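The shown structure was predicted, so the numbers you read here are calculated from the model rather than taken from an experiment. Residue numbering restarts at 1 for every chain, and letters A, B, ... go by the order of the sequence lines.
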2 protein chains.
Amino acid sequence: MTFDPIARHSVSDQVFGRLRDAVVSGRYTAEEPLPSERELATLFGVNRHAVREALRRLQQLGLVRVSQGGATKVLDWRSTAGLDLAMTLAGAQDVLPVATLGRDVLEMRACIGADAARLCALRAEPAAREAIAAAVEAYGKAAPDLDRMGAADRDLWRRIVEGSGNIAYLLAFNSLTAGTLAIGSVPAHRRTAELLDVTAHRNLSELIAAGDAPGAEAAARALLAVPVLDEVRSPRR
Amino acid sequence: MTFDPIARHSVSDQVFGRLRDAVVSGRYTAEEPLPSERELATLFGVNRHAVREALRRLQQLGLVRVSQGGATKVLDWRSTAGLDLAMTLAGAQDVLPVATLGRDVLEMRACIGADAARLCALRAEPAAREAIAAAVEAYGKAAPDLDRMGAADRDLWRRIVEGSGNIAYLLAFNSLTAGTLAIGSVPAHRRTAELLDVTAHRNLSELIAAGDAPGAEAAARALLAVPVLDEVRSPRR
DNA sequence: CGGAGCCAACTGGTCCAACCAGTTGACGGG
DNA sequence: CCCGTCAACTGGTTGGACCAGTTGGCTCCG
């Protein structure tokens, strides 16, 4: 039995979480004004600065638009929020009016992973290719411990994405893997088959090392293919 | 001649920008502590609260890790920052130690656009398909005004991504198009050929309407292909 | 001399209170 | 009826005080 560190949420973190959930869940319609900072402060029973810090974060996520003198307006997050919004929605899936987020993340992972493998085979430096080979090696040695294999798998993919030389892919990879959401929280059994396939991973690494771009792309696509059998749903639904 | 609204940056915005540039440009190494909030406040000549708001935003971007009692540490943004970081790097490309960001964004756009078109052809609702057809229509009517065509093009792609039913793609699309960076700031001549190809757009729309997933994917991929001739560079380099 | 414990001096977190600076809308005079 | 004025909002900024957790040196005991 291991103990996870106790999560300590500061006041402004909690305010942020509440407001984020309220906005994402659709409690406010687009362009609807949020209560004033002073009002929110009294409602939550906290200081106005805490509310302000939370609002700044919401603003940066693209959930609200604040303007001096005028009220803070709620935005339509479907058209203004960035991918990092998914990062912050860790345990808040109850609120999200979207049941397919898990599947969506897997689809995006497959799409980007395949193209990253292609680009990596195309233009990775020799050092990067060696790093990938080493990562595959470590991955093989981690078997059959699923936790360690998962970590090694993430590490391997990170190196592939790095090897692609595409910063946007790298940042998107971070967005997808960060947060408890994303790949980590996907039911383990769905990824078991993928994780146990050491041979396929080794094959992918060799294709990249050989510079076979189409082959690497195909191998990555096969490895990351999203199962279509059961829907991915929040466990608490 | 049109006048753009004057950008008014609040104090905490400017502090945020300075600190973000400092971190992203590599002035601090990973795990290196940032000056204390009080120190930064005196350095910038602003109140501590403004510094705090800026730091919270940096924290959310994944650029720093703050912990009560301990110093605020700088993180390695290449492994912790999300895709939204690209959004905020609008005019700050001078600082970024990455010359390929423009190309990278285009590559990612092509990758996601193609898969979104595929999924859209696969599972979009009839209403969504009609919306796409209407968007193509509006796009055709916007010719030959490049600005209007660009806007109509973005609108069309938004509807395609929406039709794919993949929230992650939608958020990533927002991240890629938001900010002055991204597609908007790519030198116009690189996109002219793509924008003028009304026939290809119409073709893509029809493939989606017909539910031809492989065809739609191929058409989208051809339309969004990244030219390999010249490197995309920041204009000021 | 080595180690355990304490404590001062940091760090960030929160609060209060006041004032500045824009926006909005109602109200009154032309 | 229109237009300027102005009060009553909104967010933006400041100063200062105190709470809370971390860190590292320093003392004291073994």
Side-chain angles (χ1 to χ4, degrees), chain A residues 3-20 22-23 28-75 80 88, chain B residues 3-20 22-23 28-75 80 88:
Chain A
F3 287 109
D4 294 329
I6 294 177
R8 285 174 301 192
H9 291 293
S10 69
V11 173
S12 83
D13 281 342
Q14 299 181 56
V15 172
F16 167 76
R18 298 258 202 121
L19 289 176
R20 178 205 56 198
V23 171
Y28 295 97
T29 62
E31 292 305 309
E32 187 177 348
L34 226 49
S36 73
E37 293 178 351
R38 292 167 175 86
E39 197 170 343
L40 287 173
T42 61
L43 285 176
F44 287 123
V46 302
N47 188 272
R48 195 178 146 211
H49 289 297
V51 174
R52 281 183 59 79
E53 288 179 8
L55 285 177
R56 299 293 277 187
R57 294 174 63 187
L58 290 181
Q59 177 187 24
Q60 183 170 300
L61 269 185
L63 297 182
V64 302
R65 172 167 38 88
V66 317
S67 50
Q68 183 174 357
T72 296
K73 302 260 179 70
V74 174
L75 295 174
T80 57
T88 74
Chain B
F3 287 109
D4 293 330
I6 294 177
R8 284 173 302 192
H9 292 292
S10 70
V11 173
S12 83
D13 281 342
Q14 299 181 56
V15 172
F16 167 75
R18 299 258 201 121
L19 290 176
R20 178 205 57 197
V23 171
Y28 295 96
T29 62
E31 292 306 309
E32 186 178 349
L34 225 49
S36 73
E37 293 178 351
R38 292 168 175 85
E39 197 170 343
L40 287 172
T42 62
L43 285 177
F44 287 123
V46 302
N47 189 275
R48 193 177 147 213
H49 292 297
V51 174
R52 281 184 58 80
E53 286 179 10
L55 286 176
R56 298 295 282 198
R57 293 174 62 186
L58 291 181
Q59 177 188 25
Q60 183 172 301
L61 269 185
L63 298 182
V64 302
R65 172 166 38 87
V66 317
S67 48
Q68 183 175 359
T72 296
K73 303 262 179 68
V74 174
L75 296 175
T80 57
T88 75

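Under the 4.5 Å side-chain criterion, counting only non-hydrogen atoms from C-beta, A:L34 is in contact with A:L55. Within the 4.5 Å cutoff, side-chain heavy atoms of B:R65 are placed close to those of B:E31.
Note that OH of B:Y28 is 13.0 Å distant from CG of B:L63, once rounded to the nearest 0.5 Å. B:L40 contributes atom CG, which lies 8.5 Å from atom OG1 of B:T72 (distance to the nearest 0.5 angstrom). Between atom CZ of residue A:R48 and atom CD of residue A:E53 there is a gap of 12.5 Å, rounded to the nearest 0.5 Å.
With rounding to whole Å, B:L40 atom CG is found 10 Å from C:dT11 atom P. The separation between B:E39 atom CD and C:dT11 atom P is 7 Å, rounded to whole Å. With rounding to whole Å, B:L34 atom CG is found 12 Å from C:dT11 atom P. Atom C1' of nucleotide C:dG22 and atom CD of A:Q68 are separated by 5 Å, given to the nearest angstrom. Look at CZ on B:R38: it is 12 Å from C1' on D:dA20, rounded to the nearest Å. Counting to the nearest Å, the P atom of C:dG13 and the CD atom of A:Q14 are 14 Å from each other.
Nearest-nucleotide mapping onto DNA chain C: of B:P35 and A:A71, the residue sitting toward the 5' end is B:P35. Between A:K73 and B:S67, the residue anchored closer to the 5' end of DNA chain C is B:S67, taking for each the nucleotide with the nearest heavy atom.
Contact annotation for A:R8: backbone-only contact, meaning every heavy-atom pair under 4.0 Å involves sugar-phosphate atoms and none involves a base.
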What nitrogen or oxygen pairs link the protein and nucleotides 5-9 of chain C at under 3.5 Å?
none

Any protein N or O atoms within reach of nucleotides 14-17 of chain C? Criterion: under 3.5 Å, listing atom names and distances.
unit_1 : atom_1 : unit_2 : atom_2 : d
C:dT14 : OP1    : A:V11  : N      : 2.4
C:dC15 : OP2    : A:N47  : N      : 3.0
C:dC15 : N4     : B:H49  : NE2    : 3.0
C:dC16 : N4     : A:H49  : NE2    : 3.0

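For B:R56 against A:S10, the heavy-atom pair with the smallest separation is NH2-OG, 3.5 Å.
Distances shorter than 4.0 Å separate some side-chain N or O of B:T72 from OP1 or OP2 on C:dG12.
Using a distance-only test at 3.5 Å, with no hydrogens or angles considered, no donor-acceptor pair links the side chain of B:E37 to the main chain of B:V51. Judged purely by atom type and a 3.5 angstrom limit, B:T29 has no side-chain atom pairing as donor or acceptor with the backbone of B:E32.
Taking a cutoff of 4.0 Å between a charged side-chain nitrogen and a carboxylate oxygen, A:R20 and A:D13 do not qualify as a salt bridge.
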